[in-house]
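This report concerns only the one structure given below.
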Amino acid sequence: MVLPNVSHLTIPSSPAYIGAVVELSRAQALEIYERMALIRTFEERVAQLFAEGRIPGFVHLYAGEEAVAVGVCTHLNEGDYITSTHRGHGHCIAKGVPLGEMMAELFGRSGGSCKGKGGSMHIADVSRGMLGANGIVGGGPPLAAGAGLTAKVLGTGAVAVCFFGDGAAEQGTTHEAMNLAAIWKLPVVFVCENNQFAESTPVVYHCAATSIADRAVAYNIPGVSVDGYDVIAVYEAAGEAIVRARRGEGPSLIEARTWRYFGHFEGDQVTYRTAEQSAAHREHDPLTTFARQAAERGLLTQEDVDRIHRDAARQVEEAIAWAEASPLPAPEEALTDVYVAYR
Amino acid sequence: MRRLLQPDGSLVEGGCSRLGPEQLVEALRWMLLSRLVDARATALQRQGRFGTHSPVKGQEASVVGSAMALDPAVDWIAPSYRELPALVRHGYPLERILGRSMGRSPAATRIPDGVNVLPNQVALATQLQHAVGLAWGLRLQGRPGVVMAYFGEGAASEGDSHEAMNLAGVRRAPVVFLLMNNQWAISTSREVQSAGQFFRRAEGYGFAGVQVDGNDLLAVFEAATDAVARARAGEGPTLIECVTYRLSFHNTTDNPRRYLPPGWLERAECEDPIPRLEAHLAWLGLWDQGARAALEAEVAEEVEAAVQAALAMPPSRPEDLFDQVYALPPERVRRQRQELLQHVQEP
Ligand SMILES: Cc1ncc(C[n+]2csc(CCOP(=O)(O)OP(=O)(O)O)c2C)c(N)n1
Ligand SMILES: Cc1ncc(C[n+]2csc(CCOP(=O)(O)OP(=O)(O)O)c2C)c(N)n1
Ligand SMILES: [Mg+2]
């Protein structure tokens, strides 16, 4: 089968740089790699668990896009906010939601972040500024604008990061949120994860501009497009946008060009792109690229990498055990936490 | 911002008008008619004989200049609620438009078959979805038409405007988005409506965006004819931002004195497109007091005849509420219609 060239993505010909602008410490490099490895391990394990029928409902996996969540969230504090998508596990892990609670949520257990009543697409942990994965495509941007308004009105200095897909970029809510955030100079960073598809719709079928970042001009805000495989490129662009937001200069838009390794959801037959295309993209895997470059700079050793992966595997197994030990929610819990009781 | 016509009626240096003498007078005629309808409809509304009216006053060059780029035989208009002269020019008779606001029978006031005008939309930006669907459909059917969709800068903040423009760009639909930046969305000023320039939004949708002086008939006509030609040639949509001023209230329920900054209206009135066009005609040697008086009298007669024709139409009936809503009304709606009829028949 021959597929048209439908991607916004050109595979980078030169390897991503490291340390040219941003000097990373060994501790930072370790932290970045640990987070990315944790996401990758979690997602690969969830794929197996789902295939075994141990996870109910629906899962959308983030593997391949790790550099985006980690490159951005490395800048954030616990008081900062993020909004997420249906593909939210990576954002949760990058923002520090405990793995056991995430896994329990996926398993529908009462120990889950939302007491097991939300599942994969609704993990939220407000105490850690994770305002929710979201089953509604384009549901996150208005929430992020609202969180930014909260931070601005209360003067907390917090920022809100809105992760959204290329498909979500075409939703009216995204326009409304960016427009308001720009008018009110809200501390929001809009991060579009352009993984080239919205389900099976290639980005060139739903966006006639050459980049989602071209939308920024409409709101008179900075807009940049970065290589989403390159955690340092993401880290740099996000750093600038976050500093700008904290200074009260308003929102920014970042497009990170990336590729998801799994199907749109688990069970997807992936008839809209070829195995060769995916294989070509995997050559630029964000984890191996970063590990190699960090090693060249003397920041990481092969032993570090091996240990980090072993550690990640152990953490994920512990999370599974913790989740499975957690009871199912009691039937009468179905009606709690649905409406706030206003008095 | 593109401008061809100076306030004194002369052309900018190197400027060239695409409208000949007859078309210029035709345009002025539509503009004067529109201005007169605004006054007459407002007076009738104050007498309780007319529904809500949204005046075109101040925006006539934008509305008429863009409509004159269309061929009513093949092109379509997807209106908002402030484009009356465009609709009349396109073939929707004035007495029907007036009659609709005067509670006359839907049968007597509906858009005639064969007139390529969509029902006007008050729900902001919804007409843009209709326009794109229609334009895309015309293209799929290999038909020649172009759709002109009108919306305000306030409506441009609606998510629907984003979705419509994006889809139009992707499908290269033959549609012209005419964004009427009249500086106000009721009491919300342009400054707090968006931090960017409206016409530049087109860049994010992969098509051309232009900004024109909306009080300059020649510049609006030029931008609109170019956009229509591009759409007709299969080159996709254009976003035209007409920078103009709303010289009246938002509609007959509004009192702008409560929010207009001091001096704003007086400054905006200096940009009134009608005197500017008249000055241009005079500059061309085509205009004098006599010509103006004759045109005004002609227009007044036409408006008065339309008002009288509207008054003579049968009134609408309560059950008309239910017509033209469903092709096949569901049981619940049929029952409600029955209940209403019983209710109005009871003594
Ligand atoms: C409002 C809404 N419309 C449609 C859907 C169905 N849907 C789920 S995911 C998806 C595609 C989203 O694509 P994108 O935003 O690019 O995110 P990605 O899946 O690529 O991460 C669609 C259409 C939905 N969940 N919500
Ligand atoms: C979806 C929707 N929201 C709100 C309104 C109320 N409303 C009617 S007109 C208007 C302002 C529109 O301003 P603009 O788009 O600039 O057009 P203008 O009236 O200036 O021609 C508003 C908010 C509406 N009709 N529809
Ligand atoms: Mg996508």
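A, B, ... follow the sequence lines: proteins, then strands. Residue 1 opens every chain. What you see is a predicted model, and the numbers here were worked out from it, not measured in a lab.
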Interchain contact, B/A156 with chain A, by part (heavy-atom threshold 4.5 Å): backbone
Closest contact, heavy atoms only, A/A209 versus B/G204: CB-O, 3.3 Å
So which donor and acceptor atoms of chain B and chain A come within less than 3.5 Å of each other?
residue : atom : partner : partner atom : Å
B/A156  : O    : A/H175  : NE2          : 2.7
B/S157  : OG   : A/N179  : ND2          : 3.1
B/G159  : N    : A/E176  : OE2          : 2.4
B/H162  : NE2  : A/A169  : O            : 2.8
B/E163  : OE2  : A/G172  : N            : 2.5
B/N166  : OD1  : A/R215  : NH2          : 3.1
B/N166  : ND2  : A/E170  : OE1          : 3.4
B/N166  : ND2  : A/H206  : O            : 2.9
B/Q193  : O    : A/N179  : ND2          : 3.0
B/S194  : OG   : A/N179  : OD1          : 3.2
B/G204  : O    : A/R215  : NE           : 2.7
B/G204  : O    : A/R215  : NH2          : 3.2

A/A169 versus chain B, the contacting section by heavy-atom distance below 4.5 Å: backbone
